[in-house]
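The block underneath contains the structure these notes are about, expressed in structure tokens.
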Protein chains: 2
Amino acid sequence: MVEFDPDASIEHGAPLPPYRQLAGILAARIGRGDWQPNRSIPSELRLVQEYGVARATVRRAVAVLVDQGVLFVVPQRGTFVKP
Amino acid sequence: MVEFDPDASIEHGAPLPPYRQLAGILAARIGRGDWQPNRSIPSELRLVQEYGVARATVRRAVAVLVDQGVLFVVPQRGTFVKP
DNA sequence: AGGAATTTGTGCGTATGTATA
DNA sequence: CTATACATACGCACAAATTCC
């Protein structure tokens, strides 16, 4: 397990690819309480703007957290923090 | 011309590279009628999953068939079987 | 009622870096 | 050195459903 700084930014060229960095950062922010259970995290577009990555990268990071049971997605509504 | 089994899977390390195997398999499936003229074949991502190869490999195989006049691509819409 | 905005789903186009035969 | 393959990333466009005004 790698510790992530919830305030970190994405570093291109780092050993860990951006999508994994973002997944770690988002997980850290959830752990810190930035977004409460059953509440939505920012939209993909917002995360694209905030972290300066492509939408595909955001979606990949989200997919990782969905796979880990941290988030769940509701089409056309948003991505939420699992209770 | 080499005959291909439409139900074959990709074999790494075979004399023919994966992208050529896939091109042959897809051509065989088209010939068998899996996909009708003017209908789209599965997306690149689906083929990636189905055949266990990289997207670049799928794109190469498709490029071969486009070059042969078997398929045509409509940007942002899909890849279709030529009438 | 209705149309614009929002948000996720899905396609292809393209480029870069790494690894291997 | 070249061809092949894979992983990753960014961009752009359109669809479908929901939400907002």
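Labels below follow one simple rule: chain letters A, B, ... track the order of the sequence lines, proteins then strands, and each chain is numbered from 1. Reckoned from all heavy atoms, side chains included, excluding hydrogens, waters and symmetry mates.
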Taking only the side-chain heavy atoms of R59(B) (C-beta and beyond), determine which of dT10(C), dG13(C), dT8(D) contains the nearest atom. dG13(C)
Counting heavy atoms from C-beta on, name the nucleotide in dT4(D), dT8(C), dG13(C) closest to the side chain of V73(B). dG13(C)
Taking the minimum atom-to-atom distance to the side chain of A54(A), which one of dT8(C), dA5(D), dC10(D) wins? dC10(D)
Pairwise 5' ranking along DNA chain D for A56(B) and T57(A), keeping only the more 5' one: A56(B)
Listed nucleotide nearest any side-chain atom of S43(A), set dT14(C), dT7(C), dT8(D): dT7(C)
Rounded to whole Å, how long is the line connecting atom CG of L45(A) with atom P of dG11(D)? 12 Å
Atom CD of Q21(B) and atom P of dA5(D) are separated, to the nearest Å, by 9 Å
Tell me: CD of Q49(B) to P of dT10(C), nearest whole Å? 10 Å
Rounded to the nearest 0.5 Å, how far apart are CZ of R46(A) and OG of S40(A)? 11.0 Å
On the side chain of R46(B), is there an atom forming a donor-acceptor pair with the base of dG11(C) - under 3.5 Å, no angle test? no
Look at the side chain of P18(A) and decide which nucleotide, out of dT8(C), dT8(D), dA5(D), has an atom nearest to it. dT8(D)
Starting at atom CZ of R60(A), determine the distance to atom P of dT8(C), rounded to an integer number of angstrom. 19 Å
So, under a plain 3.5 Å distance rule, would you say the side chain of R77(B) forms a donor-acceptor pair with the base of dT10(C)? no
Do D7(B) and R32(B) meet the salt-bridge criterion of a basic N to acidic O distance under 4.0 Å? yes
Would you say that L16(A) contacts F4(A) through its side chain, given a criterion of any heavy-atom pair below 4.5 Å between the two side chains? yes
Is there a side-chain contact between T79(A) and the phosphate of dT8(C), meaning an N or O under 4.0 Å from OP1 or OP2? yes
What is the distance from OH of Y51(A) to P of dC10(D), rounded to the nearest Å? 14 Å
Does a nitrogen or oxygen in the side chain of H12(A) sit under 4.0 Å from OP1 or OP2 of dT8(D)? no
Using the rule that Ile, Leu, Val, Met, Phe, Trp and Tyr join whenever any side-chain heavy atoms are under 4.5 Å apart, tell me whether V74(B) and V58(B) fall into a single cluster. no
Output the rounded distance in Å from CD1 (I41(A)) to P (dT7(C)). 12 Å
Quick one: does Q76(A) reach the base of dT8(C) with a side-chain donor-acceptor pair under 3.5 Å? yes
When clusters are formed by joining ILVMFWY residues with side-chain heavy atoms under 4.5 Å apart, either directly or through shared neighbours, do I30(A) and F80(A) land in the same one? no
Give the rounded distance in Å between these two atoms: CZ of R55(A) and C1' of dG11(C). 11 Å
Which of the following nucleotides, dA5(D), dC12(C), dG9(C), is nearest to the side chain of E44(A)? dG9(C)
Which distance, rounded to the nearest 0.5 Å, do you find between the CG of L26(B) and the CG of L47(B)? 6.0 Å
How many Å lie between OH on Y19(B) and C1' on dA21(C), as a whole number? 15 Å
If you find the nucleotide of DNA chain D closest to P75(A) and the one closest to G52(A), which residue's nucleotide is nearer the 5' end? G52(A)
If you take atom types as modelled and just measure distance, does the side chain of R20(A) reach the base of dT8(D) with a donor-acceptor pair under 3.5 Å? no
